[in-house]
Amino acid sequence: MENTSPAAAAPTRSLAMPLRATPKDDAEPVPTLIDVRNLDFYYGAKQALFDINIEIPDRRVTAFIGPSGCGKSTLLRCLNRMNDLIDGTAVKRGAIKIRDIDIYGPSVDPIELRKRVGMVFQKSNPFPKSIYENIIYGLRIQGVKSKTKLDEVVEKSLRGAALWDEVKDRLHESGLGLSGGQQQRLCIARTIAVEPEVILMDEPCSALDPIATAKVEELIHELKKQFTIIIVTHSMQQAARCSDRTAFFYMGKLIEFDATHNIFMNPKNPQTEAYVSGRFG
Amino acid sequence: MTALPHSFAPRRGFQRRCESTIAWVFRAATYAILLSGVFVIGNICLKGLPAVTNSFRSLEQFPYVTNTFLFEAPESLYVFEQDGVKREMGDKEYRSYREAETARATAEGRPVPEFKAASYVYAAGGIWPCIVGTVLLVLGAMTIALLLGVSSAIFLSEYARDSVFVRFIRLAILNLAGVPSIVFGLFGFAMFVLFFDWNVSLMAGWFTLAFMVLPVVITASEEALKAVPKGFREGSLALGATKWQTIRKNVLPYALPGILTSSILGIARVAGETAPIMFTAAYVVRDKLPWEVSKFGDFFFQGVMALPYHIYVVSSKIPQNEYTQGVQYGTAFVFLGLVALIAGSSILLRNKLRGRYQW
């Protein structure tokens, strides 16, 4: 993790900036981290995902796009087994492998999985504790007691989430006193504090204003050096701006998955083309 | 019909009068409730206060002042005429007075005076054992009710999946709230006093009272747990916390103010109910205080005096006369004060917690 604030270091980017993803991002092959094979997923009797096959590259940003109810959030929540918490959900066929380990296999503890696969939610959910306590929550439950270690992690995580300069003087004030964008970055900092490999982001900017959104996107750009990021978004501009790969879902099926540049500039599937050009969805 | 001055001018009519009448009906209903409340409380305070204020006595040693009504056990009152003066004395005072007079008369060679006193039970002394008993009953019953109730609420709201069985449990709990307190008293008598052979004891009273307030505690605790945003649970689980860690660190603390609110209502009920304790825990009179036991285990298996039961006894089980009223109202007054005190401290605690956890 770099110790300089990315917000300060990176030039300010306007929202009107051109598509960043270029073919050179995928010039060399990237190893696959998450491998989803033939996945069928059900909410009770209702099938939500149909035969999903997707290989998510290591330390890249992958965006899931598609209209509401297309299954993109469902797939995201399959990846850290958050769907386990909902009654009646089941993977009926297929497998999800992270580093060749089937995460729905009998030997996998979802608690351990979630330590490696963190999640940032649509509605920012800082706990009603101090900023400091929010960051170290994950370490506290793992039993880390050392004050120096905790202080270190707090600074590192907040710097990593480009929040340190804004909150370093009020670490012991409530996390709920922050603005919406800061709250969401606090949640990101809290997630990276437990040092996961993957960060799942479920529409992290849908409740944020454009400036806060730009900051989170910049942050995503920084974070991909260290983490594999999967972001679900309703904003095609956002997917185009910050992702390397984009997957388009429709009606529970994966329609197209390719380099972001190709999805937006040269989609192979007519449905994808119709969606990204704004003809439906 | 006269022409209106302009189109926004008020129109008089039936509907307008209806509006203001209705508002006044609601207002009157509220004021009537307020009035009766003030009357009841005021009446008790007015008639009960003298029993407390007239009982301050100075002491030889620390703390130099005491209140016989608050800090002594109930006694019989002896009223007699001596040398043309009407005197009123409590049991102990009267006995020592008689001994002293007899001794003095013997020493002076006079014939021993005849003592003709009318006695009135419970009219002297105080209600200390009842205060102690009520506080003990409330503390024990609320501890049991909160432990059982909050555990069950956590199970119902966090662990149990929605099934016919769980819905049946909820229905059963709601129905329990409608059971009359005398039925709880009989249940406690049959279950704890007879079947478990605990006799009339604190334990039997605690459990009976706890079962009586359980529905309130469970229902309210469940509501309080449900009011904690789902995001806190998800956020915690997504960081790799186990279910219990999530509940303990990130759900229960935020639900605590709500749980305490419900237990405040519970406290008032536990302290106030007479029926559940009359068969299970309350003694009409007991001269020993609860901590005066030979071994620790006996503490839980002794009966106690309690304020509501004492009010019942002094109001309906003893002959009524001009001396009993003071005791009745005095006890009721102290009782109200005690409930206010316990509830007030829980409210303070709740507000403190609320200030700490706000979202």
Side-chain angles (χ1 to χ4, degrees), chain A residues 76-77 79-89 109-130 133-143 157 174-177 183-184 186-196 198-202 207, chain B residues 153-170 221-261 349-359:
Chain A
L76 192 78
R77 296 168 73 94
L79 299 179
N80 68 345
R81 291 184 59 173
M82 283 302 271
N83 280 332
D84 289 13
L85 307 175
I86 304 166
D87 284 359
T89 57
D109 181 359
I111 307 296
E112 294 304 318
L113 172 70
R114 290 184 200 128
K115 285 178 189 164
R116 311 301 307 147
V117 184
M119 189 163 197
V120 176
F121 296 85
Q122 177 175 8
K123 194 173 171 296
S124 65
N125 54 355
F127 305 141
K129 305 171 188 281
S130 70
E133 285 292 329
N134 261 286
I135 303 288
I136 62 170
Y137 185 86
L139 296 178
R140 274 270 156 88
I141 54 178
Q142 287 175 28
S157 310
S174 171
L176 296 166
Q183 287 192 8
Q184 195 59 292
L186 177 63
C187 292
I188 293 172
R190 189 173 70 187
T191 305
I192 62 181
V194 292
E195 297 182 329
V198 183
I199 301 176
L200 309 174
M201 297 189 174
D202 192 356
Chain B
I154 289 175
F155 172 73
L156 288 174
S157 97
E158 308 292 322
Y159 287 91
R161 308 218 148 177
D162 195 33
S163 69
V164 179
F165 179 60
V166 168
R167 259 176 273 167
F168 172 76
I169 294 178
R170 284 217 178 84
S221 304
E222 229 192 307
E223 292 300 318
L225 287 167
K226 289 232 166 83
V228 175
K230 222 175 103 201
F232 293 175
R233 294 182 181 83
E234 286 190 331
S236 169
L237 289 166
L239 288 168
T242 62
K243 193 153 194 164
W244 170 234
Q245 282 174 329
T246 300
I247 293 168
R248 185 165 48 98
K249 294 214 160 173
N250 224 14
V251 178
L252 208 51
Y254 315 135
L256 222 52
I259 293 172
L260 277 178
T261 309
L349 180 68
R350 178 191 69 183
N351 290 351
K352 211 178 137 200
L353 287 176
R354 230 188 224 163
R356 186 135 48 106
Y357 302 116
Q358 205 120 42
W359 64 85

Closest non-hydrogen atoms of Y254(B) and F127(A), given as atom of the first, atom of the second and distance, are OH-CB, 4.0 Å

Quiz item: Does K226(B) NZ have over 12 foreign heavy atoms under 6.0 Å away?
Solution: yes

In short, M119(A) meets A238(B) closest at the heavy-atom pair CB-CB, 3.9 Å

One option among V120(A), N125(A), V117(A) has the most heavy-atom pairs under 4.5 Å with chain B, and it is N125(A)

Heavy atoms of S236(B) and Y137(A) approach each other most closely as OG-OH, 2.7 Å

When the 4.5 angstrom heavy-atom criterion is applied to D84(A) and chain B, the contacting part is backbone

Value for CZ (R77(A)) from CD (E234(B)), rounded to nearest 0.5 Å, stands at 4.5 Å

Tested for side-chain contact (heavy atoms from CB on, under 4.5 Å) against L239(B), the lone hit among I111(A), V194(A), L139(A) is V194(A)

When rounded to the nearest 0.5 Å, the distance separating CD of Q245(B) from CZ of R140(A) is 12.5 Å

Cut-off 4.5 Å, heavy atoms of chain B, and the answer for P196(A) is neither

task: Can you establish whether the number of heavy atoms outside K123(A) located under 6.0 Å from its atom NZ is more than 12?
output: no

Turns out that what part of R81(A) lies under 4.5 Å from chain B's heavy atoms comes down to neither

